[in-house]
Number of protein chains: 2
Amino acid sequence: MPPPTRAARKSPRSYHHGNLRRALLDEALATIRTEGVEGVTLRDIGARLGVSRTALYRHFADKRALLAAVATEGFGMLRQRLVAAWEEGGRGDAAFHAMGVAYVRFAVDNPAHYRVIFGGFVDPRAKEPELAIEAQGAFQALVDAVAALQRDGVFLKDDPVHMATYSWTLVHGIAMLAIDGQLPEPIGVDELLRYSFKRMRTGILAEPPGPRAKR
Amino acid sequence: MPPPTRAARKSPRSYHHGNLRRALLDEALATIRTEGVEGVTLRDIGARLGVSRTALYRHFADKRALLAAVATEGFGMLRQRLVAAWEEGGRGDAAFHAMGVAYVRFAVDNPAHYRVIFGGFVDPRAKEPELAIEAQGAFQALVDAVAALQRDGVFLKDDPVHMATYSWTLVHGIAMLAIDGQLPEPIGVDELLRYSFKRMRTGILAEPPGPRAKR
DNA sequence: AACCTATGTTGACACTGGCAACATTGGGAG
DNA sequence: CTCCCAATGTTGCCAGTGTCAACATAGGTT
């Protein structure tokens with residue numbers, strides 16, 4: 001029995017691989033991490049696994065489907081980290097901030113992977129149901145946190161989906177601009193995150209509206 | 001003299017084109033609009049202009065440089081629309097909202113072009129000085145608006161660059177998720193924009209902080 | 001033991017970006 | 001006015017890519 005670690009590479013004598021789909025996903029992700037998306041080549045990935053260039057087609061419809069699967073796994077990792085940050089952070093106000101930090105950190109630590117997820121390589125509206133499900137799961141983690149904070153009277157009792165979407169777009173924007181290197185020179189990611197959360201909480205207006213009305 | 005419109009396509013008898021660089025940019029952008037970035041092919045673009053496949057290399061170092069130039073022009077258009085929204089909107093609170101709407105509308109109306117700008121096809125930190133300049137220009141439009149509103153006592157007197165960056169990330173996030181089709185089902189872009197601006201102004205906390213203190 | 005389906009391989013094709021060598025200009029120096 | 005040269009456009013060619021069709025092999029089921 002081969003050791004459980006390093007089980008990805010095919011043992012030289014066996015014709016069948018055993019778990020090629022898994023190995024392909026891992027190898028694709030590794031390549032994405034080191035070379036970027038455009039470095040992903042079906043031939044290279046096959047070669048690295050000791051397998052022919054078209055073996056992949058027994059497990060994925062085409063290259064796009066492989067990338068879609070990588071993106072799907074990315075959403076899973078993201079959800080995992082968000083939930084961990086929320087729970088380990090104590091499910092309170094600070095934990096919400098921790099979720100934001102965890103989100104941006106995931107993107108900044110895995111820029112190419114993040115780009116596969118959100119770079120338009122795959123369309124959740126298209127026939128990729130698993131991707132849509134995983135995306136929904138990650139988003140739900142955020143909605144749950146917002147709803148909890150609303151219940152506890154920390155956040156105002158808005159529609160939680162709207163509020164979660166609002167904060168999602170914020171961290172997503174920060175992550176994207178950071179990855180692209182489009183943030184204004186002197187501002188770092190951590191600093192921007194701190195500032196943004198402060199402003200998100202209390203707003204940007206000079207005069208807070210008087211007795212809190214409907215609007 | 002050929003009519004000024006439709007002057008892009010080369011007149012069949014002339015060996016030299018006259019303004020091939022301009023025509024290449026226009027044709028590339030048109031292709032990006034209709035087919036997406038991955039539909040951009042040097043051969044096709046050349047053919048459509050009645051020019052050979054490698055003529056482009058006299059005007060751009062390679063394909064990436066062409067896309068970078070397209071991105072640079074995109075930043076220019078963006079700045080133009082932001083400034084227009086700000087000025088036509090009356091340079092006040094409402095005009096700031098109009099800028100946000102204009103920003104997202106540009107992205108949603110030209111998703112592929114927007115993706116060329118922000119999809120990591122080009123790195124402003126790399127040796128693309130014109131791109132960095134145009135990007136800076138578009139961002140400056142936002143900073144100016146924020147600074148003006150701070151001067152007028154509408155926004156609190158923070159560092160304008162931080163505040164501008166904050167709002168930039170917000171609209172950028174909305175635009176990106178909208179383009180990707182990642183917004184939660186029932187929420188439309190316009191609705192999300194309205195909601196987000198409301199929250200950005202007054203914050204998401206249930207209890208506004210008492211007498212406005214340092215923090 | 002026979003076989004059938006899932007899995008992996010080989011050969012071929014059209015298409016891509018890019019280089020090197022060549023062709024054709026038009027405008028400026030004499 | 002002439003000559004020539006730098007700028008611009010072209011052709012031939014190459015390695016590399018994703019994908020399909022036809023073939024090969026193996027492992028489990030009957």
Side-chain angles (χ1 to χ4, degrees), chain A residues 1-2 7-28 31-32 35-71 116 119-122 126, chain B residues 1-2 7-28 31-32 34-71 112 116 119-122 126:
Chain A
M1 176 183 303
R9 188 153 283 100
K10 168 183 166 184
S11 119
R13 55 176 158 282
S14 70
Y15 189 87
H16 284 350
H17 182 282
N19 204 351
L20 186 55
R21 187 190 151 90
R22 180 72 260 149
L24 284 167
L25 277 171
D26 291 343
E27 196 63 39
T31 307
I32 286 168
E35 317 266 341
V37 199
E38 67 281 4
V40 174
T41 258
L42 302 192
R43 293 164 139 85
D44 280 7
I45 288 185
R48 256 192 293 269
L49 290 174
V51 126
S52 104
R53 57 214 189 291
T54 60
L56 162 147
Y57 285 91
R58 303 295 154 188
H59 301 274
F60 299 95
D62 55 9
K63 187 181 183 182
R64 225 190 41 68
L66 172 67
L67 292 181
V70 171
V116 173
F121 292 92
V122 73
Chain B
M1 178 184 298
R9 187 154 282 100
K10 165 183 164 184
S11 119
R13 54 177 158 279
S14 70
Y15 189 86
H16 284 352
H17 182 283
N19 204 352
L20 185 55
R21 187 189 149 90
R22 180 71 259 151
L24 284 167
L25 277 172
D26 291 343
E27 196 63 39
T31 307
I32 287 168
T34 61
E35 318 266 341
V37 199
E38 68 280 5
V40 174
T41 256
L42 303 191
R43 293 165 139 83
D44 279 8
I45 288 184
R48 254 192 292 270
L49 291 173
V51 128
S52 106
R53 55 209 188 288
T54 60
L56 163 146
Y57 285 91
R58 304 294 154 188
H59 301 274
F60 299 96
D62 55 8
K63 187 181 183 181
R64 225 190 41 67
L66 173 66
L67 292 181
V70 170
V116 173
F121 292 93
V122 74

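In what follows, chains carry the letters A, B, and so on, assigned in the order in which the sequence lines appear, proteins first and then strands, with residues in each chain numbered from 1.
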Quiz item: Is a donor-acceptor pair below 3.5 Å formed from side chain A:Arg53 to base D:dG16, judging by atom type as modelled?
Solution: no

Practice problem: Side chain of B:Ser52 only, please: which of D:dG9, D:dT19, D:dT10 is the nearest? | Solution: D:dT10

Quiz item: What nucleotide, of C:dT9, D:dG9, C:dG18, holds the atom closest to the side chain of B:Asp62?
Solution: C:dG18

Exercise. Let me know the distance between CZ of B:Phe60 and P of C:dG18, rounded to the nearest Å.
Key: 13 Å

Quiz prompt | Interface with DNA chain C, restricted to residues 35-42 of chain B and to heavy atoms under 4.0 Å | solution = B:Val40, B:Thr41, B:Leu42

Quiz item: Does A:Tyr57 or B:Leu20 map to a spot on DNA chain D nearer the 5' end, using the closest nucleotide for each?
Solution: B:Leu20

Quiz item: What about B:Arg58: does its side chain form a donor-acceptor pair under 3.5 Å with the base of D:dT10?
Solution: yes

Quiz item: To the nearest Å, how far apart are B:Lys63 NZ and C:dC19 P?
Solution: 14 Å

Practice problem: State whether the distance check finds a donor on one side and an acceptor on the other, under 3.5 Å, for side chain B:Arg43 versus base C:dG17. | Solution: yes

Quiz item: Mind checking what makes side-chain contact (heavy atoms from CB on, under 4.5 Å) contact with B:Phe60, not counting sequence neighbours?
Solution: B:Arg21, B:Leu24, B:Leu25, B:Leu56, B:Ala65, B:Leu66, B:Ala69

Quiz item: Looking at side-chain heavy atoms only, is the closest gap between A:Leu49 and A:Leu20 below 4.5 Å?
Solution: yes

Quiz prompt | Min side-chain heavy-atom separation A:Thr31-A:Thr41 under 4.5 Å | solution = no

